[in-house]
Amino acid sequence: MSWDISIMKFSQRYSDVSAIPSDEVPLILGPRLAVHERVLEVFPGTDWSDPTWGAWESAIGSIEFNLGDDDPIEDMMLHVRADEEVVSKIVRLCIANGWQGIDCESGEFVEQTQDPASGLRAWSEHRDQIISLAEGRET
């Protein structure tokens with residue numbers, strides 16, 4: 001269970017997901033090694049021993065970067081299990097590279113919304129509720 005963000009690059013910067021035309025074909029994020037380097041700039045220490053699946057861990061949590069098998073990289077999925085302070089790093093990763101991150105929880109661009117951590121908070125509340133139920137507690 002994670003908060004998921006789909007990272008893509010479009011022909012232009014969209015302010016809202018609903019503004020993406022149905023015929024829009026996302027652009028390439030870059031060659032695999034370049035995407036690794038870009039992630040490492042914001043998330044140093046990311047383990048790329050599996051070049052298709054990076055793992056970043058820190059005191060504030062973890063992120064898995066799913067790149068898939070294709071090279072160059074067409075899109076990337078982030079599986080986030082971390083505190084809210086990680087959100088500013090994700091926003092910085094998107095903005096620095098001209099990428100856009102669709103928050104799979106809220107359906108908004110994480111780097112465009114007024115409250116980029118809202119999806120993470122919603123996911124955290126849902127996770128905590130499931131854990132409480134599993135432990136036999138009520139929330």
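- Counting all heavy atoms, side chain and backbone alike, M76 lies closest to F65 at SD-CD2, 3.9 Å.
- With hydrogens and angles disregarded, a donor-acceptor distance shorter than 3.5 Å links the side chain of R38 to the backbone of L29.
- Between L93 and N97, the closest heavy-atom pair is O-ND2, 2.8 Å.
- For the residue pair E108/T113, the side-chain donor-acceptor check at 3.5 Å is satisfied.
- For the atom pair F43 CZ and R92 CZ, the distance stands at 7.5 Å (nearest 0.5 Å).
- With W48 as reference, L67 is the one residue of L33, V35, L67 to meet the side-chain contact (heavy atoms from CB on, under 4.5 Å) rule.
- With a 4.5 Å cut-off on side-chain heavy atoms, I102 and M8 count as touching.
- W99 is linked by a ring pair (Phe, Tyr, Trp, His ring centres under 6.0 Å) to nothing, counting only residues two or more places apart in sequence or in another chain.
- At a cut-off of 3.5 Å, with distance as the only test, no side-chain donor of Y14 or Q112 sits close to an acceptor on the other residue.
- A 4.5 Å side-chain heavy-atom check between F109 and V17 finds at least one atom pair inside the cut-off.
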Requested in this report: Check the pair R13 / Q100 against side chain to side chain contact (heavy atoms under 4.5 Å, CB included), numbers first and verdict last.
Outcome: CA-CA 8 Å; R13 189 164 204 75; Q100 294 203 258; 4.0 Å; yes
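- The heavy-atom pair separating F10 from P26 by the smallest distance is CE2-CG, 4.0 Å.
- Residue V39 is not grouped with residue I28 when hydrophobic side chains (ILVMFWY) are merged at heavy-atom distances under 4.5 angstrom, including chains of intermediate members.
- Note: I95 CD1 to I90 CD1 = 12.0 Å, rounded to the nearest 0.5 Å.
- For the residue pair S6 and C104, the shortest heavy atom distance occurs at N-SG, 4.2 Å.
- Distance CD1/I73 to NE2/H36: 6.5 Å, rounded to 0.5 Å.
- Remark: side-chain polar atoms of E24 are paired, donor with acceptor, to backbone N or O of S11 under 3.5 angstrom.
- Looking only at distances, no side-chain donor or acceptor of R81 sits under 3.5 Å from a matching main-chain atom of W3.
- Going from atom NZ of K9 over to atom CG of L27 covers 6.5 Å, rounded to the nearest 0.5 Å.
- Taking CG of N66 as the start and CD1 of I7 as the end, the distance is 12.0 Å to the nearest 0.5 Å.
- A donor-acceptor pair shorter than 3.5 Å cannot be found between the side chains of S2 and E64.
- Contact detail for V91 and V110: the closest heavy-atom pair is CG2-O, 3.8 Å.
- Judged by distance alone, the side chain of H79 and the main-chain N or O of I63 form no donor-acceptor pair under 3.5 Å.
- No donor-acceptor pair closer than 3.5 Å links the side chain of D83 to the backbone N or O of E85.
- The backbone N or O of P72 lies less than 3.5 Å from no partner atom in the side chain of D70, so there is not a single donor-acceptor pair.
- Atoms CG and CG, from D47 and L40 in turn, are 10.0 Å apart once rounded to the nearest 0.5 Å.
- For G101 against E111, the heavy-atom pair with the smallest separation is N-OE1, 3.0 Å.
- Atom CG of D69 has 12 or fewer heavy atoms from other residues, nucleotides or ligands within 6.0 Å.
- For S88, there are no side-chain contact (heavy atoms from CB on, under 4.5 Å) partners at least two apart in sequence or on another chain.
- For the pair W56/V80, no side-chain contact is recorded, criterion being any heavy-atom separation below 4.5 Å from C-beta on.
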